[in-house]
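Every chain is numbered from 1 and lettered A, B, ... according to where its sequence line falls, protein lines coming before strand lines.
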Amino acid sequence: MKKNEKATDAIISRYKAGRRDDLIPLLQEIQEETGYLSEEAIRKVGKLMGLSTTKIYGLATFYDQFRFTPRGKYHLVVCNGTSCYLNGAGAIVGKIKEELGIEPGETTRDGKFSYELSSCMGGCMHGPILVVNGKYNLKLKPEHVQSIIDMLRKESEKL
Amino acid sequence: MLFSITVNNRKITAEKGETILSALNRNGINIPTLCRMKDFTPTGACRLCVVEVEGRENLVTACSEPVEEWMNIRTHSPRVIKARKTIVELLLSKHPDECLFCINNLDCELQRLAAELNIRERRIKGRKIKPGIDQSGHSIVKELSKCVLCGRCVRVCEELVTVSTLDFINRGQKTRVGTSMNQDLNFTSCINCGQCVNVCPTGALHVKQNITEVQEYLSNHDYLKVVQYSPMVPLAVAEELGIKAPKDIDRILNGILKKIGFNKVFLTGTGTDIMIEALAEEILKRTDATDQSPLFVSACPAWVKYAEQSLHDELENLSKLKPPQQITGSLIKTILSKQLGIKPQQIYSVSVTPCTAMKFEARRDSMMTKGICDVDSVLTVRELVKLIRLYGIDVSGTEGEAADEPLNVRSALSVLAEVSGGITESIVRKIFFRLTGKDADRKMFRNIRSGGSFREAEFAPGGRKIAVAVVDGLSGLPRLYQSIASGRKYHIVEVMVCPGGCVNGAGLQVCMSKEDLKNRVKQIYQTEESDILQIETFSRHLADFRGKYLDKDELLKDKKILHTYFSKRDVLL
């Protein structure tokens, strides 16, 4: 957590105070670095911009790209574009929900898994697509989900 | 520049630069609006004010469109009426059918619109929004399902109150009015002023009701039920009941409160007087010692919360004296329990105010004496009127009664506390009286009685110099700081969150125009001038009161129970 705070401070120090047009790039950069927008980060950004945190939260919730809870150790992204959806992305999502017991945008209690839906990733001929920490799994079937998650669990236990 | 335009085949005059809506209203043509608020920039969000302009393909929102010379407008053509009706039907499609049980029943703009547009069936069925009731706050309740997203509360909170606790969260269908990180109101930067409640067209934001608990206690014979009310209340009750205030409305209200079932009726004004006297003393002490820091009056509970969360450096300059309601409350419990030989816990103390933030104030830890609340329940004026109606009390047939000893007299000055700048004026006048033996001329205070959100003046009572600043609504705060930064020194700084002061409180009937508000302010000044207890006579009374109660009592003598403390609050600003 300390690491995140330091990273946030470093990013904020590169921006000028009161320039509201920088708000979205700033939030994006913080999210990229720390994985999410924490209460503390929003508070600091608010101070820098001279805006109330409600305004920043309102703006950030307008866009799908921002999240407010930390990502899990393994972050899964399911493509929910039209093509993947028709190829059965819905069943994949259902399986993930069943396996992890969380909704899109949430993180499991042990902090290991989080998942979210994404709009089309452009790989329509390979769908359904599941991305695990940046690694693409193509032409997925629901039964694959189980084995992927089992594998990740084992991997995390080893560490 | 004036020119004429055609509206519904009739010529009317319009002024260059104004909106279509203002031209229509000036000429007596009414069209429905929902998101519009006078004196705010129009947003055109609800689109209820649409009109047909010849030559334009689409309907035009009258609230935001500037009027132009060539315009030929139709305000109630079939197309316009159909559009308006559909808009309201769409708003209602998601609205819960709870009107009969809603707090705003018969006092709801959405209800009125539906009736005006003659909507008789649920033509469009939408998915209902979850209730999402937020009851965490002591003053304000938020009910998401009743929200129509007009954005009035968001704009008031940002532009008028300048706290920005509320904003639109999420997007599209999921949009709702919410707070930072979805916190409940009690944990946010909300200062409980209730200005958002005043502008909410439905029951989505409303004042927390304490009627039920008051009723319960009223029927319980184990308690001594007492009530105090602030000087504004009698006038406001008359206004809310829709009657012209009779001359002895104060005495009649005492009678009404007794009929409702309160054993004793006291005046908050006495507490105000004690506060003003103590503040005047404090100021005199400070000018003697040439203390440079200003004294911030802490009578406005919303301002106190604002200072606690945003102005940590100013906290020590905040007056440590309890606000009038709490002074009166603590005096009631200490004096009465001694007089009647009962425990303070057996006294149930209610306060009636025009303020919503006082509900919060009464619940503060720092507003207790030995673990017992100074004031147990706070009712707004509107709640009191509900009680009056509930118990079927005939106001015109009620005989006037005097308030009860010992807190039965208030001075003319205490009335001024209800308007912005009033407390400052009272303190200065008290100092004048102290030093010169005469009341100051009222004309001297013209500069702090009106004129913008930041007002300042200087007085010279008895050779001393007293500089005062009045911040009327938090939007005047930046100017105060500019002024202080430029080297100005003030002895007294008074901040009121509601523009205009308590006369604009959210516990009163909503003031829809500035004229209404001015009227109320005028009434207060008139009451002050015509009151028999002017400063001279009252000073003698207060001295009596001190000798009889305050100086005798050990507890009251050291005045500890009249003092409070403030602490920093850590909220998401």
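- For a residue to count as touching a neighbouring chain, one of its non-hydrogen atoms must lie under 4.5 Å from one of that chain's; by this rule B/Leu573 touches chain A with the backbone only.
- In A/Arg109, the CZ atom is not crowded: 12 or fewer heavy atoms of neighbouring residues, nucleotides or ligands sit closer than 6.0 Å.
- Among residues 131-150 of chain B, no residue has any heavy atom closer than 4.5 Å to a heavy atom of chain A.
- Heavy atoms of other residues, nucleotides or ligands lying less than 6.0 angstrom from CZ of A/Phe68 number more than 12.
- Distance alone, capped at 3.5 Å, places no donor-acceptor pair between the A/Thr54 side chain and the B/Leu166 backbone.
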| field | Trace of the side-chain contact (heavy atoms from CB on, under 4.5 Å) decision for A/Thr53 with B/Met181 | value | CA-CA 8 Å; A/Thr53 50; B/Met181 298 311 270; over 6 Å; no
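- Counting only residues at least two apart or on different chains, the side chain to side chain donor-acceptor pair (under 3.5 Å) pairs with a member in residues 135-146 of chain A are A/Glu99-A/Gln146.
- Shortest non-hydrogen contact noted between A/Ser52 and B/Ser164 is OG-O, 2.9 Å.
- In this structure, A/Lys47 places its NZ atom where only 12 or fewer heavy-atom neighbours from other residues, nucleotides or ligands lie under 6.0 Å away.
- Scanning both residues, A/Arg43 and B/Val571, for their nearest heavy atoms gives NH1-O, 3.5 Å.
- Heavy-atom minimum distance, B/Ile169 versus A/Tyr57: CD1-CD2, 3.3 Å.
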| field | Criterion side-chain contact (heavy atoms from CB on, under 4.5 Å) on B/Arg176 and A/Thr61, from CA distance to verdict | value | CA-CA 11 Å; B/Arg176 61 201 157 68; A/Thr61 49; over 6 Å; no
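- Only the backbone of A/Leu37 comes within contact range of chain B, with at least one heavy atom under 4.5 Å from a heavy atom of that chain.
- B/Val154 touches chain A through its side chain: at least one heavy atom from C-beta onward sits under 4.5 Å away, while N, CA, C and O do not.
- In this structure, B/Arg171 CZ and A/Asp64 CG are separated by 4.5 Å, a value rounded to the nearest 0.5 Å.
- Here the closest non-hydrogen pair linking B/Leu572 and A/Glu39 is CD1-CG, 3.5 Å.
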